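Here's the structure we're looking at; comments come further down.
All values below were derived from every heavy atom in this structure, side-chain atoms included, with hydrogens, water molecules and symmetry-related copies excluded. Every number for a ligand or one of its atoms is a count from 1 in the order of the listing. Fair warning: this is a prediction, and the values are worked out from it, not measured in the lab.
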Amino acid sequence: MKIGQSYEGTIKRQIYSAEEIAAAIERLAGRIAADFTGQPLLLLGVLKGALYVVTDLARAIALVPDGPSEIVVDYLCVSSYGNATRTSGEVRLLKDTTATVTGKNVVIVEDIVDNGLTLEYLSALLAERGPARLASCVLFDKPYHRRVDVALNYVGLRCPDEFVVGYGLDYQELFRNLPYLAQLQPWVFRVE
Ligand code: PRP
């Protein structure tokens, strides 16, 4: 895949192509749709990283026969303090859900789980509100540096133990709109 001028020369290697990501999302959609057949479903995307995965997942679930009876998409926004390439584990809730969680079938949708603290924080926060069911879906599982043992119900792809960008994942707010998952050239990190 060619790249536009904005990211020219920045990509060291592609890890998962846009097609591989789309196939993974279709697999996730099939599994989620089957588990919530005939029931209403609330998909909660965790911004900003999950902005693409939750929208693509919601549309893919809508195409699965015998899936949920209805699908509502809503968002939370969290941020973790830390340096540029690792999260610190201090989670801040920047935006809460608009939808009510109590009594609903909820799937938290994350782009990546790394140390696990963000998902642990959100799972505890939402569990307190009494959902009917609470599950988690992560597109890229990065299991090498877990600090907590979080339950992942739906996992898309294994992420290598590297700093990755694209398909929602950023470096200093850039690269989220890259359609594939990639590793950056080292020079990108040296530019102030
Ligand atoms: C990223 C990602 C997850 C979290 C996972 O978000 O989107 O929410 O880190 O990391 P953890 O498992 O180590 O807690 P980030 O805080 O970078 O914010 P962003 O989604 O706005 O990029």
Side-chain angles (χ1 to χ4, degrees), residues 6-7 10-11 15-16 18 20-22 24-25 28-29 32 42-58 60 73-99 101 106-129 131 134-184 188-189 191:
S6 55
Y7 295 146
T10 58
I11 305 302
I15 296 166
Y16 290 114
E20 288 170 316
I21 291 171
I25 287 179
L28 289 170
I32 293 171
L42 173 60
L43 289 179
L44 280 187
V46 184
L47 296 177
K48 295 179 187 170
L51 85 166
Y52 298 112
V53 60
V54 73
T55 51
D56 285 350
L57 185 66
V73 181
D74 198 12
Y75 303 92
L76 288 149
C77 188
V78 295
S79 182
S80 53
Y81 292 103
N83 64 31
T85 58
R86 280 227 82 80
T87 56
S88 69
E90 273 184 72
V91 184
R92 278 192 305 162
L93 183 64
L94 302 180
K95 181 207 168 296
D96 206 337
T97 63
T98 305
V101 164
V106 179
V107 176
I108 304 171
V109 182
E110 269 285 24
D111 52 331
I112 191 165
V113 173
D114 184 3
N115 64 38
L117 290 162
T118 305
L119 187 58
E120 183 189 54
Y121 168 85
L122 288 176
S123 301
L125 181 82
L126 297 170
E128 270 178 26
R129 300 178 186 176
L134 182 61
S136 63
C137 172
V138 57
L139 180 58
F140 301 116
D141 183 19
K142 196 175 183 183
Y144 321 97
H145 305 282
R146 284 283 201 281
R147 288 168 60 181
V148 285
D149 187 19
V150 279
L152 304 179
N153 302 96
Y154 307 99
V155 177
L157 296 163
R158 172 69 69 108
C159 180
D161 191 12
E162 290 158 10
F163 183 75
V164 294
V165 296
Y167 201 75
L169 292 154
D170 74 308
Y171 174 59
Q172 296 187 344
E173 292 301 325
L174 297 174
F175 302 100
R176 288 193 202 275
N177 63 327
L178 204 62
Y180 49 83
L181 192 75
Q183 188 183 10
L184 293 173
V188 176
F189 302 106
V191 178

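For Arg176, every heavy-atom contact with ligand 1 shorter than 4.0 Å involves the side chain, none the backbone. At a heavy-atom cutoff of 4.0 Å, ligand 1 is contacted by the side chain of Asp170 but not by its backbone. Proximity of Asp111 to ligand 1, defined as any heavy-atom pair under 4.0 Å, is confined to the side chain (atoms from C-beta onward).
Residues passing the salt bridge (Lys or Arg N to Asp or Glu O under 4.0 Å) test with Glu173 are Lys48, Arg176, sequence neighbours excluded. For Tyr180, there are no side-chain hydrogen bond (donor to acceptor under 3.5 Å, both in side chains) partners two or more places apart in sequence or in a different chain.
Aromatic rings from Tyr171 and Phe189 are positioned such that their centres are separated by under 6.0 Å.
The N/O atoms of Ser79, backbone and side chain alike, include none that comes under 3.5 Å of an N/O atom in ligand 1. Taking only nitrogen or oxygen atoms, main chain and side chain alike, Gly49 reaches within less than 3.5 Å of ligand 1.
Close approach of ligand 1 to Ser80 is summarised as follows: ligand atoms under 4.0 Å from at least one heavy atom of the residue are 16 (O). Taking every non-hydrogen atom of Glu110 and a distance limit under 4.0 Å, the qualifying atoms of ligand 1 come out as 2 (C), 3 (C), 7 (O), 8 (O).
A salt bridge links Arg129 to Asp96: one of the charged nitrogens lies within less than 4.0 Å of a carboxylate oxygen.
One side chain, Asn177 or Tyr7, offers a donor N or O that lies under 3.5 Å from an acceptor on the other.
Closest heavy-atom contact between Ala50 and Val109: CB-O, 3.3 Å.
For atom 12 (O) of ligand 1, the candidate residues are Asp114, Leu139, Leu119; the nearest heavy-atom contact is made by Asp114.
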